[in-house]
Structures are given as C-alpha cells and as structure tokens.
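Here the structure comes first, spelled out in structure tokens, and everything after it is commentary.
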Protein chains: 2
Amino acid sequence: MTKCESINYPSIEDIIFKLRYGIKNRRNILIVSNCLVNYKGRASSKLSEGERIIILKPDGSALIHRPKDYPPVNWQPPGSLFRVKTTNQNVVVRVFRKKENEVLEIELLEVILLAILDLKDNGEFNLFASEKDMQEAILLQPSLIEEKFRPITSERHVLPGFIDILGYDKDGRLTVIEIKRKKATKQNVLQLKKYIDSLNVEEKRNIRGILVAPELGKGSQELLLSLGYESRIISPQECSAILNKQKTNTKIDYFFKK
Amino acid sequence: MTKCESINYPSIEDIIFKLRYGIKNRRNILIVSNCLVNYKGRASSKLSEGERIIILKPDGSALIHRPKDYPPVNWQPPGSLFRVKTTNQNVVVRVFRKKENEVLEIELLEVILLAILDLKDNGEFNLFASEKDMQEAILLQPSLIEEKFRPITSERHVLPGFIDILGYDKDGRLTVIEIKRKKATKQNVLQLKKYIDSLNVEEKRNIRGILVAPELGKGSQELLLSLGYESRIISPQECSAILNKQKTNTKIDYFFKK
DNA sequence: TAATAAATGTCGTTT
DNA sequence: AAACGACGTTTATTA
C-alpha cells in the first residue's frame, strides 16, 4: 500500500471499499465531494447539498470544510467511530461519538476526489509566548514584577489552585499575580479578586493583587483601581524572549564547561 | 479547467505553477505534504518535519492538519494573503494576515498530493437548539417560565445591554432571564446578577432573576439560592421542538387559509 | 467525573 | 475600534 492512493470520481463500489479499508487500517482519509450533512447531539443541524472537503482521521476526529471560512461547518472531535453504509443508493459516512451521544452523517452524492493517506508525522511542535511562557519568565526574572519580589510557587505548585503566581514583595506582603496574554478584561480582574478572596488569610487587605497583561481594557482599569489592585504591562513576546535568552545562556555555559 | 485537478508527487515547477494559478483564480487548494511550519504573530510556533494535510481557501483562510487531533496545528483565519516563493530549493507558502500582523510559512519538502479545486457550495446551513432558539421558544411560549409571564423585550438589546429576556411576572414584578444552552456555572449566575445590578431601578430587591438552563452546576445552585434568584430547567432540544411545532402550525394555517 | 481556565481561540453584535 | 458574549466551542488541568 502506498502512502497516498487517490482516485478521481470513484465508483460507489470503490468508495465503499476504500473507505472501509482506510478506516480499518487507521489511515487518514480525504474526501472532496458533493454531499449532504446532518448532525444531531448537543444541538442539531442540517446542511443541504454542496461541494466540501472532508477529513477523517484515525483518532476518530472528523472535519467538514466548506469552500470558505476558518471553522469546519460540521465536525466530530476525537474518539468518534466511523461507519460506512449506503442510503438512497448513496454512500453515507456515519460518525458517532458516544461521549455526548452525537451523530454526524455525511451523505456522499458525488465524490470528486478520494484519497487514502498513510501519513508519517513525528514532528515536534513548540509554541512560544503562551501564558505559561509568561509565567515561567516571571519566575525566572521576578524583577519583571518589581525589585525583590520573591515567588513562592516555583517548580511545584506549593499552593494548589488556580493562582498563576503567589509570592512576597520586598516588604513581605503576600502577593497574588494573575497573568493574561492578551488585553485584560473586567472578568480577569474579578478572577484575581476571587483568588485573593479564596486565600484564607485574616488580613485580606494586606494582600497585594497584580494583574499582568500586555494591555488593560477599559473596564478592567477602573475595577482594578476600585479594588486597590495593581497592574504590570508585559507582553507575551518579551517573556518569550527572556526565556530564549536564558536557554542561550545555558547553552553557552555548557559550551564553556566543556 | 475542471472541477478538480490533482497530481501525485508534482514537480517543483508544477507545484509553483498550480499553486499560483489556484490562488489567483480563487480556488480551494488541497496539499498533502511533508513540510515544516513556522508561525509568528500573537504567539509564535515551530513545527518540524512531518506529513500533513493543508487547506488553502480563497477567502484567505489556511489550515494545517496533522494526522490526528481535531484542531489544526497551525492556521490563519480568513482575510490572509497567500504568496508562493522558493527557499532552500523548496516551495514555501507564506500566509500573511495584516490585521494581526501575523505570518505563517509552510515549507513544502515533498508534496504527496496537490489538488486545485473549483468547489460549488450554495448549500443552506441551519443550526437548531442554539441559545437563540431557546430565547425564541420562551418568547413564543412564555409559560415555559411561568403562567402569565409577559416578556417585554421581543427583539434583543432593547434595554441596557445583553439581557436575554426582560419581562413582568404575574404580579407585575420585573424579571430578568438569563439563558444557557448547557449546564449553568457560577459564572452564569454572576452574569445574571450583573444584569440585575445594571438595571437602574430603585427597588432592586423587587427584581426577580431567573436562570434558564438544562442543568445546574454545583456552584451555581448555591450561589443562586444565596442571591435569592430562581432557575428553570429547560433543554435547548425541547425549545427547538417548540419552534418546530410552531412552524408546522403556521404551515397548516397557511394551508387552510388557501 | 465535575469544575475551572486557556486558546494564536474565532465569530458576531452593539456601542 | 473596543467591549462583550456565544460557540455543538475544544483542550488541558485540578479537585
């Protein structure tokens, strides 16, 4: 079996055979077809006739893409089961997801292109400038918050829960830091408040709250002030740069040690 | 030009020519290829070598799918610009989005399948059992809330902001309704509270708050009680059924009138 | 399993 | 352009 077996305008028999083969052997399947789609589960939907691109993945995820738009018009997350049957003399792919008891049915009216793919992908994916990167950068260089800021939560989550960073300021005041990778909203300030409130410390007034974000939204700024919290304007990109620099330094250290 | 021009293992010259042709003529483009992907924008990412499915749409959206997972590993929303160039003797597709100043670059190391598609899709898509359907069902049949409930806001955004439904109960008490299509959270109760607080009415205690949802989460129930609000357990599916019935009745009415 | 928050979230709507 | 909330959100993490 080759890496890619593709057919233009396959016969019904071919479609059924290839689909079943591909599903059974955990191949990626690509279908370009005029089709009808019905979905029923948490909601329900009907999509009338049209030509779309369909992807079936061996992990049980399914995607139906119209000629435009970023999101799939219909889909099924991983863990779904594929079944190929015939209805009205057409091939129907049924994608069933037990977890939510959801069914997606794709009736293939005319298959334009069918490809059974045996893809090899062991590539490594790395994302930078995520919220987690911001957290790590601050832990690595606490002066981003202010001089002599000392995080408590370093490697392990010393205090469990959802607090991004907990620490002490130069005067020993307990400080809660909430990090956002995009413009902060009022909701984010409330989140910070919630965490501070959740700390079972008697003198809550003595706890500092700092919201870290690349920008403050209108509502957030007011609320921040009224609650007596602070903010630090820091972008995810600069945090990423700090981490990169650190890695480079580690490498150089290693080089000289050798 | 046919609806689907597909080639297995095209030459570099073919790839460049077909891609440029497809982009220029606003075709959908399907590429199965061993590739490298770099993204830089709001965040940044690197994806090392591997075989993936790539979709380029004429509206400027791009999707890169690995052999597994529901979401694309890299992407670009609509409005992006495609450019085809060569680097390291490989074809590179550059997808630039001005709005966020984001760049996605896909280096094609070995194209397994390339298809230029001229898809026709005028199909109608209908989604049922959305939150909007729930809203409409309640407006159509206010007794879902309680007997003699009278909605004021028939359209939307008639009053302050984002209140789903505003109305009067049988005793003329102002009532704010917040609708959720899935299990209600604490956050949802706070949302309801916010809307009630935002109503500049003197006697806020006299306003009723009702959270409509198919189920109540743990935290939400407690908070609901402590704030003195109420709830109605209603599923999006039953609301959808109510709307369907209404439509059927309208059709029957029309039939008899004729 | 339920709850909670992140996401390059995206997308629509209203101010 | 900014704010706000829905989404069949999905996904990962934690209690």
Side-chain angles (χ1 to χ4, degrees), chain A residues 39-45 61 63 69-79 97 99-104 125 127-135 157 159-164 178-188 191 194-195 198 215-220 236-237 240, chain B residues 39-45 61-62 64 69-80 95 97 99-104 125 127-135 155-158 160-164 178-188 191 194-195 215-220 236-237 240:
Chain A
Y39 153 74
K40 193 162 184 183
R42 288 163 295 172
S44 58
S45 72
S61 45
L63 303 155
D69 300 333
Y70 162 71
V73 60
N74 280 110
W75 72 90
Q76 206 66 287
R97 190 173 166 226
K99 193 189 171 194
E100 298 273 2
N101 197 33
E102 293 187 300
V103 184
L104 178 67
F125 179 70
L127 180 70
F128 311 100
S130 64
E131 186 185 299
K132 204 176 176 194
D133 278 2
M134 295 181 74
Q135 188 180 359
H157 294 268
L159 259 175
F162 302 97
I163 292 175
D164 286 333
E178 175 61 29
I179 302 169
K180 291 296 152 194
R181 66 176 311 288
K182 36 185 232 176
K183 191 192 279 190
T185 66
K186 216 184 290 186
Q187 209 58 236
N188 301 150
Q191 204 179 331
K194 182 181 142 187
Y195 297 151
S198 77
E215 201 180 344
L216 293 183
K218 184 182 142 281
S220 70
Q237 287 82 2
S240 183
Chain B
Y39 153 73
K40 194 163 183 181
R42 289 164 294 171
S44 59
S45 72
S61 46
I64 301 169
D69 301 334
Y70 162 71
V73 59
N74 282 110
W75 72 91
Q76 205 67 284
S80 310
V95 189
R97 188 157 76 120
K99 192 190 172 194
E100 299 273 2
N101 196 35
E102 292 187 302
V103 184
L104 178 67
F125 179 70
L127 179 69
F128 311 100
S130 64
E131 186 184 298
K132 204 176 176 193
D133 277 2
M134 294 181 75
Q135 189 181 2
E155 287 290 310
R156 226 200 183 202
H157 299 294
V158 173
F162 305 98
I163 292 174
D164 285 332
E178 176 61 28
I179 301 169
K180 292 296 153 194
R181 65 178 310 289
K182 39 185 226 177
K183 190 193 280 189
T185 66
K186 217 184 291 186
Q187 210 58 236
N188 300 149
Q191 203 179 332
K194 180 181 141 187
Y195 296 150
E215 200 181 345
L216 292 183
K218 184 182 144 281
S220 70
Q237 287 81 3
S240 183

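Rounded to whole angstrom, the span from the OH atom of Tyr70(B) across to the C1' atom of dA7(C) amounts to 13 Å. Here dA3(C) presents its P atom at 12 Å from CZ of Phe162(A), a figure rounded to the nearest Å. Rounded to a whole Å, the CD atom of Gln187(B) is 16 Å from the C1' atom of dA2(C). When the C1' atom of dT4(C) is taken as reference, atom CD of Glu178(A) falls 12 Å away, rounded to whole Å.
In this structure, Glu102(A) contributes its side chain and Ala43(A) its backbone to no donor-acceptor pair below 3.5 Å. In this structure, Gln76(A) contributes its side chain and Ser61(A) its backbone to no donor-acceptor pair below 3.5 Å. Without hydrogens or angle criteria, Asn74(B) side chain to Ile64(B) main chain gives no donor-acceptor distance under 3.5 Å. No donor-acceptor pair under 3.5 Å is formed between the side chain of Asp133(A) and the backbone N or O of Ser240(A). Within the 3.5 Å criterion, the main-chain N or O of Arg42(B) finds a donor-acceptor partner in the side chain of Arg181(A). No side-chain donor-acceptor contact under 3.5 Å links Gln135(A) to the backbone of Ser130(A).
Nucleic acid contact class of Gln76(A) (heavy atoms, under 4.0 Å, all strands): base. As judged by a 4.0 angstrom heavy-atom cut-off over every strand, Tyr195(A) is placed among residues touching the sugar-phosphate backbone only. Among the heavy atoms of the strands, none lies under 4.0 Å from Gly219(A). Within 4.0 Å of Pro78(B), counting heavy atoms only, lie sugar-phosphate atoms of the nucleic acid but no base atom. Using a 4.0 Å heavy-atom distance criterion, Glu102(B) is classed as a base contact. Using a 4.0 Å heavy-atom distance criterion, Asp69(B) is classed as making no nucleic acid contact. Nucleic acid contact for Gly217(A): sugar-phosphate only, since backbone atoms but no base atoms lie under 4.0 Å from a heavy atom of the residue. Using a 4.0 Å heavy-atom distance criterion, Gln237(A) is classed as making no nucleic acid contact. Heavy atoms of Ser44(A) sit nowhere under 4.0 angstrom from any nucleic acid atom. Backbone-only contact: Ser130(B) has heavy atoms under 4.0 Å from sugar-phosphate atoms and none from a base. Across all strands, Val73(B) comes closer than 4.0 Å to base atoms (heavy-atom distances).
Residue Arg42(A) places none of its side-chain N or O atoms closer than 4.0 Å to OP1 or OP2 of dA6(D). Considering only side-chain N and O atoms, Lys132(B) lies nowhere under 4.0 angstrom from the phosphate OP1 or OP2 of dA6(D). Side-chain nitrogen and oxygen atoms of Lys186(B) include at least one within less than 4.0 Å of the OP1 or OP2 phosphate oxygen of dT4(C). The phosphate of dT4(C) (OP1 or OP2) has no side-chain N or O of Gln191(A) nearer than 4.0 angstrom. Dashed line: the shortest gap from a side-chain N or O of Lys183(B) to OP1 or OP2 of dA3(C) is under 4.0 Å. Using a 4.0 Å cut-off, some side-chain N or O of Lys180(B) falls inside it from OP1 or OP2 of dA6(D).
For Arg181(B), taking side-chain heavy atoms from C-beta onward, the closest of the listed nucleotides dC7(D), dT8(C), dC11(C) is dC7(D). You'll find that the side chain of Lys182(A) is closest to dG9(C), out of dC4(D), dT8(C), dG9(C).
Sequence order on DNA chain C of the closest nucleotides to Lys194(A) and Leu127(A) puts Lys194(A) first from the 5' end. Each of Lys99(A) and Trp75(A) was assigned the nucleotide of DNA chain D with the nearest heavy atom; the assignment lying further toward the 5' end belongs to Trp75(A).
For DNA chain D, each stem of at least three Watson-Crick or G-U pairs (distances under 3.5 Å) is given as range with range: C:1-7 with D:9-15, C:9-15 with D:1-7.
The two atoms that bring Pro72(A) and Leu63(A) nearest to each other are CG-CD2, 4.0 Å, heavy atoms only.
For dG8(D) and dC4(D), the P atoms lie 23 Å apart once the distance is rounded to whole Å. Taking atom C1' in both dC7(D) and dA7(C), the straight-line distance is 13 Å, to the nearest Å. dT8(C) and dT4(C): their P atoms are spaced 23 Å apart (whole Å).
Considering only residues two or more places apart in sequence or on other chains, Ser44(A) meets the side chain to side chain contact (heavy atoms under 4.5 Å, CB included) condition with Lys40(A), Phe128(B). For Gln191(B), the side chain to side chain contact (heavy atoms under 4.5 Å, CB included) partners are Glu178(B), Lys180(B), Asn188(B), Tyr195(B), not counting sequence neighbours.
With its ring centre under 5.5 Å from that of the base six-membered ring and a plane angle below 30°, Tyr39(A) counts as stacked on dG8(D).
Under 3.5 Å, the side chain of Glu131(B) and the base of dG5(D) form no donor-acceptor pair of N or O atoms.
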